**Student:** 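Following this message is one structure expressed as structure tokens.
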Amino acid sequence: MLSFDGNHIRIPNATVFKSRIVNFSRNDERCFMFSLGLAPDTDFVDAQRIALEKLQELPFALKIPAPAVWIDEIGDSTVSITCTGWIEQHKSSLAAARGESIRLVKLALEKACVQMPEPTYRILSPTLASPAVPAAQQRSDHSDGLAREADIFEESQVTMDVQAVTDAALKQIVDAERKVTEADDLLRREAPEE
């Protein structure tokens, strides 16, 4: 077998007979999944709706099976939602589609003012004091930051290309190797099923 990073893998017969083997290339549809941590005081019904709508808008996401979003886990400072979507893996790169989905769902949630907090630690020390920042400087810094964020946000709404370019190149390598051993290739779609 050829791994995604181009290495040949040889599996001993004993492993094949005793193990469960997953063939990721036989079906064209493939699921990607990711989780995002949200602030505990989030309106989770609204957050789930926003994430689901964004997943449904993605040009590379399949309509059937449909994307899904659910609350998955409660952490120390966040509540996680899990998002899933399906792609045609011979047209779209799984890694690129997952990464692009994370970016665009995160942006949609941020645009709706849904907080994704970092873990918070509170350190108490009577000897630490912070220097005072003049109010005028705080206002100026704040308005400049908002303007930059608005520009960045508009540019970030464009969906990146997630075509399976690397996958296509690897497919050519695999196809060339399969021609040599075509009769013994059990990974072909036409191969007999066990």
Side-chain angles (χ1 to χ4, degrees), residues 1-6 20-120 145-172 174 187-189 193:
M1 289 195 313
L2 185 69
S3 69
F4 187 74
D5 55 354
R20 181 182 81 134
I21 297 178
V22 179
N23 183 345
F24 290 105
S25 61
R26 188 168 190 114
N27 291 333
D28 195 30
E29 298 84 12
R30 183 110 182 252
C31 181
F32 63 84
M33 180 183 298
F34 61 92
S35 294
L36 294 172
L38 306 179
D41 59 348
T42 297
D43 177 349
F44 286 96
V45 172
D46 194 43
Q48 286 176 273
R49 179 190 55 76
I50 293 165
L52 185 59
E53 285 175 1
K54 182 49 74 176
L55 288 169
Q56 290 168 338
E57 291 173 8
L58 297 174
F60 51 83
L62 297 177
K63 305 296 181 223
I64 299 173
V69 178
W70 63 88
I71 296 173
D72 186 43
E73 187 174 37
I74 297 177
D76 292 336
S77 58
T78 62
V79 176
S80 295
I81 60 169
T82 295
C83 304
T84 62
W86 290 77
I87 61 163
E88 291 180 75
Q89 69 174 336
H90 297 99
K91 292 182 181 176
S92 299
S93 164
L94 181 69
R98 181 179 181 273
E100 194 58 9
S101 299
I102 291 170
R103 185 179 72 82
L104 292 171
V105 168
K106 181 179 177 290
L107 282 172
L109 291 168
E110 287 173 346
K111 184 176 181 182
C113 298
V114 175
Q115 296 295 314
M116 287 172 256
E118 295 289 325
T120 304
L146 289 176
R148 270 194 311 275
E149 285 179 21
D151 291 341
I152 292 169
F153 188 78
E154 286 304 315
E155 292 172 9
S156 299
Q157 292 301 308
V158 177
T159 303
M160 304 291 285
D161 181 16
V162 297
Q163 288 185 6
V165 176
T166 303
D167 298 352
L170 287 175
K171 184 179 182 318
Q172 289 177 347
V174 171
L187 295 177
R188 293 175 298 127
R189 287 202 170 117
E193 292 187 31

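Just so it is clear, the structure is predicted and the values come from calculations on it, not from any experiment.
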**Student:** Between atom CD1 of Ile71 and atom OG of Ser35, what is the distance when rounded to the nearest 0.5 Å?
**Tutor:** 12.0 Å

**Student:** With rounding to the nearest 0.5 angstrom, report the CE to CG distance, Met116 to Leu36.
**Tutor:**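 If I round to the nearest 0.5 Å, the distance is 6.0 Å.
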
**Student:** With side-chain contact (heavy atoms from CB on, under 4.5 Å) as the test, would you mind laying out the steps for Leu109 and Leu38 before giving the verdict?
**Tutor:** CA-CA 9 Å; Leu109 291 168; Leu38 306 179; 4.2 Å; yes

**Student:** Identify the heavy atoms of Ala39 and Pro117 that sit nearest to each other, and give their distance.
**Tutor:**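 Result for this residue pair: N-CD, 3.3 Å.
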
**Student:** Measuring from atom CG of Asp41 to atom CG of Asp43, what distance do you get when rounded to the nearest 0.5 angstrom?
**Tutor:**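 Reported to 0.5 Å precision, the distance equals 10.0 Å.
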
**Student:** Where do Ala68 and Trp70 come nearest, in terms of heavy atoms and distance?
**Tutor:** CB-CZ3, 4.0 Å

**Student:** Looking at every heavy atom in both Arg30 and Leu94, which two are closest together, and how far apart are they?
**Tutor:** CZ-CD2, 3.5 Å

**Student:** Taking atom OG1 of Thr78 and atom CD of Glu73, what is their separation to the nearest 0.5 Å?
**Tutor:**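 One finds 7.5 Å between OG1 of Thr78 and CD of Glu73.
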
**Student:** What's the separation between atom SG in Cys113 and atom CD1 in Ile50, rounded to the nearest 0.5 Å?
**Tutor:**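 Here the interatomic distance stands at 9.5 Å.
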
**Student:** Considering all heavy atoms of both residues, which atom of Thr84 and which atom of Cys31 are nearest to each other, and what is their separation?
**Tutor:** CB-SG, 4.0 Å

**Student:** Is Gln115 atom CD crowded by more than 12 heavy atoms from other residues, nucleotides or ligands, each under 6.0 Å away?
**Tutor:** no

**Student:** Can you give me the closest heavy-atom contact between Gln48 and Val69, atom names plus distance?
**Tutor:** NE2-O, 3.4 Å

**Student:** Please name the pair of heavy atoms, one in Ser101 and one in Leu58, separated by the smallest distance, quoted to 0.1 Å.
**Tutor:**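 Where Ser101 meets Leu58 most closely, the heavy atoms are OG-CD1, 3.2 Å.
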
**Student:** Apply side-chain contact (heavy atoms from CB on, under 4.5 Å) to Ile102 and Arg98, showing your working.
**Tutor:** CA-CA 6 Å; Ile102 291 170; Arg98 181 179 181 273; 3.7 Å; yes

**Student:** What's the separation between atom CD1 in Ile87 and atom CZ in Phe32, rounded to the nearest 0.5 Å?
**Tutor:**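 Between Ile87 CD1 and Phe32 CZ, I get 7.0 Å after rounding to 0.5 Å.
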
